[in-house]
There are 2 protein chains.
Amino acid sequence: MTTAQETEGEAQSTLSNPSAVGLVAVIVAATDGEPRALTVQVGGQARGRSDGLPAGPLVPEHPTLERGLRAWVERQTHQRLGYVEQLYTFGDRDRQGDDDGGLHSLSVAYLALVRELRPAGLAEAAWRNWYHYLPWEDWRAGRPDSLGEIEAKLLAWAEGSGDPKQRRRREDRLGLTFGLCGGAWNEERVLERYELLFEAGLIPEAQGQSGEARDADLTVTGQPMALDHRRVLATAIGRLRGKIKYRPVVFELMPPTFTLFQLQRTVEALSGTNLHKQNFRRLVAQQGLVEETDGVTSGATGRPARLVRFRREVLLERPAPGFRLRPARRPT
Amino acid sequence: MTTAQETEGEAQSTLSNPSAVGLVAVIVAATDGEPRALTVQVGGQARGRSDGLPAGPLVPEHPTLERGLRAWVERQTHQRLGYVEQLYTFGDRDRQGDDDGGLHSLSVAYLALVRELRPAGLAEAAWRNWYHYLPWEDWRAGRPDSLGEIEAKLLAWAEGSGDPKQRRRREDRLGLTFGLCGGAWNEERVLERYELLFEAGLIPEAQGQSGEARDADLTVTGQPMALDHRRVLATAIGRLRGKIKYRPVVFELMPPTFTLFQLQRTVEALSGTNLHKQNFRRLVAQQGLVEETDGVTSGATGRPARLVRFRREVLLERPAPGFRLRPARRPT
DNA sequence: TCACTTATGCTCAAACTGAGCATTGTGCCG
DNA sequence: CGGCACAATGCTCAGTTTGAGCATAAGTGA
């Protein structure tokens with residue numbers, strides 16, 4: 001809130017307080033049924049280089065943040081960005097990794113979806129499977145093995161709280177986010193899970209990292225990223241997993257024509273779960289999300305599949321077209 | 001994207017490029033079945049004062065943006081903020097209202113829900129019904145009258161486009177957002193509607209405002225706000241309307257105990273639609289969102305209603321407890 | 001030609017929705 | 001005090017939507 005005096009004056013320039021503002025982008029593609037994010041190598045000599053998300057300064061030339069981001073990414077990667085969405089603005093003092101000399105430093109994070117992956121343009125850039133960084137999020141082959149160890153440590157962390165009230169609260173959170181203590185796994189709570197692991201000291205990026213995290217088995221707690229970028233990635237995944245349920249954004253990741261099964265694989269890749277095949281097709285058909293082309297697949301094993309394309313008209317018809325993911329028990 | 005050189009160096013201080021960053025808050029309450037936002041008086045002598053949202057500088061003392069906001073609001077309004085959520089970071093050069101001498105100016109907007117409305121603390125602050133600013137969003141008494149005039153003007157705007165392709169696109173957008181041309185009204189697209197009106201020149205806040213907008217009947221296009229604050233408000237309403245469907249946030253606006261009908265009124269106030277009473281209760285009951293107290297209402301006309309309270313445990317049980325609003329035809 | 005693999009069609013019971021009708025308490029008004 | 005108006009609650013019912021499978025079709029490779 002601001003007092004009347006503070007807001008006096010047309011320009012409202014009391015908003016100032018110069019800060020360092022940067023952009024971060026989670027650029028997502030899906031090929032071969034795997035979800036991928038564009039990563040770059042960052043970091044100097046001291047701690048060695050590590051993977052990070054593409055980040056850069058806010059360019060003041062553009063009228064809009066989003067347009068600035070588009071131009072910046074497209075110039076650097078020669079990628080045509082399809083869908084772009086603002087994710088979140090991160091501004092935690094103690095987690096940005098730097099303080100930039102007393103300035104508050106903010107990162108405005110964006111999510112972008114691209115259709116195909118080009119050679120990534122930059123030498124230092126690479127497309128990486130995002131579960132490489134968050135392995136516990138991939139349930140497509142059943143419950144990830146790494147979860148056993150993670151749960152044990154999380155439970156120990158909850159137990160370790162002296163205050164029984166706090167311990168209760170921690171257990172509740174475990175139930176909510178990781179489905180422990182009788183809770184169910186909710187694939188959208190990616191960020192909450194990451195934050196919980198962070199708090200529990202299982203994430204090496206944490207500054208006051210315990211020896212625990214530093215020695216962590218990376219196949220269990222995943223590949224670290226520079227600064228707070230894994231948090232940004234987790235935010236992106238969570239958002240995307242939520243969005244595909246009520247907006248046809250997956251098609252931004254698909255080639256012009258594709259089979260229903262390829263579509264399913266992509267949705268599964270994003271959501272990290274398996275879907276019931278027949279019901280998936282029924283859903284897609286009912287919603288009118290695609291229309292048939294006269295092409296069929298060839299070459300691959302099994303019966304050839306009809307190629308379909310996205311029906312842009314649904315955007316005008318349906319209020320909220322998307323996939324309300326219903327996981328299959330076990331067989332796809 | 002950033003070249004390898006640009007990300008060189010531990011501190012990643014190339015993110016810099018100092019900018020002016022401010023906070024804006026949409027503080028929401030619901031009383032007497034009306035949705036309200038806390039507004040303040042802003043602006044100098046030149047254009048006269050006008051309503052605005054509470055806004056202030058980013059305070060660098062706090063470790064987290066959100067905590068900074070909480071402290072700031074609670075200190076100024078003596079309001080205890082229940083739920084707080086980051087909304088969006090606005091950074092359009094041409095719409096911030098000021099350029100602050102070449103700095104890019106950003107506003108990080110937050111949504112906060114409060115349970116009761118205190119006298120608002122500040123002399124200049126007031127709780128206003130949010131439909132005062134966006135009258136076309138309130139469908140509780142049926143289709144708003146003002147929509148007739150709005151539609152006429154929007155259609156004229158679409159027609160007015162020389163390029164038939166652009167005109168087609170404009171018509172599609174009208175259908176999507178305002179439900180014209182055979183589309184359906186989707187109560188979540190608050191921001192899209194506002195932006196469309198803005199583009200169509202019906203919003204006086206637009207800088208290159210036509211005489212049209214300036215002379216607009218405020219009962220039709222709503223009360224203007226300072227700077228871009230109506231856009232922020234529209235963002236908040238849209239977000240909240242979406243959120244109540246899958247997260248029990250409405251309870252942040254309710255007193256400790258309440259009747260099911262009061263709850264329904266609140267949900268209706270937020271969503272701007274009417275709901276089928278019996279089905280609404282069934283939904284609430286099925287989801288286990290509330291538990292009965294042994295109190296009942298008294299005094300009012302009609303049969304006394306049981307008082308209930310929010311069942312916190314649902315947060316631990318249900319994956320996504322909320323109201324999937326199903327509007328009633330006409331009778332409540 | 002057989003074995004295998006994936007694509008597609010179709011069925012069925014259970015759960016969920018959208019709309020109403022019917023009944024039950026209360027305060028108020030002659 | 002009986003009748004009314006007005007909410008609160010209970011309950012029904014048909015039409016959909018879901019979750020799970022069974023069955024068949026149509027290629028590939030041995």
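Side chains included, hydrogens not; waters and symmetry mates left out as well; all remaining heavy atoms used. As the structure is a prediction and not an experimental result, all values here were calculated from the model. Letters A, B, ... are given to chains in the order of the sequence lines, protein chains preceding strands, and every chain is numbered from 1.
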Whole Å only: how far is the [atom1] atom of [X] from the [atom2] atom of [N]?
{"X": "A:Asn274", "N": "D:dA20", "atom1": "CG", "atom2": "P", "value": "13 Å"}
{"X": "A:Gln278", "N": "D:dA23", "atom1": "CD", "atom2": "P", "value": "13 Å"}
{"X": "A:Phe280", "N": "D:dT18", "atom1": "CZ", "atom2": "P", "value": "14 Å"}
{"X": "A:Gln286", "N": "D:dG19", "atom1": "CD", "atom2": "P", "value": "11 Å"}
{"X": "A:Arg281", "N": "D:dG21", "atom1": "CZ", "atom2": "P", "value": "18 Å"}
{"X": "B:Asn279", "N": "D:dG15", "atom1": "CG", "atom2": "P", "value": "17 Å"}
{"X": "A:Leu283", "N": "C:dC10", "atom1": "CG", "atom2": "P", "value": "18 Å"}
{"X": "A:His276", "N": "C:dC10", "atom1": "NE2", "atom2": "C1'", "value": "11 Å"}

Review point. Going from CG on A:Leu154 to CD on A:Glu151, what distance comes out if it is rounded to the nearest 0.5 angstrom?
Key: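 CD of A:Glu151 is found 7.5 Å from CG of A:Leu154.
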
Check your understanding: Would you call the rings of B:Phe310 and B:Phe251 parallel, tilted or perpendicular, where under 30° means parallel and over 60° means perpendicular?
Key -> parallel

Review point. Parallel, tilted or perpendicular: which describes the rings of B:Phe178 and B:Trp136, with under 30° parallel and over 60° perpendicular?
Key: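 Tilted.
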
Review point. Under the criterion side-chain contact (heavy atoms from CB on, under 4.5 Å), which of B:Arg241, B:Glu195, B:Arg239 is the partner of B:Val190?
Key: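 That would be B:Arg241; it is the only one of B:Arg241, B:Glu195, B:Arg239 passing the side-chain contact (heavy atoms from CB on, under 4.5 Å) with B:Val190.
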
Review point. Side chain of A:Arg282, base of C:dG9: donor and acceptor closer than 3.5 Å?
Key: no

Point to revise | Residue B:Asp145 excluded, over 12 heavy atoms near CG under 6.0 Å | key: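 Open: at most 12 neighbouring heavy atoms sit under 6.0 Å from CG of B:Asp145.
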
Revision key, fill the gap. In 5'-to-3' order, the base (B), backbone-only (S) or no-contact (-) status of each nucleotide in nucleotides 2-7 of chain D, using a 4.0 angstrom heavy-atom cut-off, is ----BB

Practice item. Please name the residue in the list B:Lys243, B:Lys245, B:Arg193 that meets the salt bridge (Lys or Arg N to Asp or Glu O under 4.0 Å) test with B:Glu188. Key: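 One option only clears the test, and that one is B:Lys245.
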
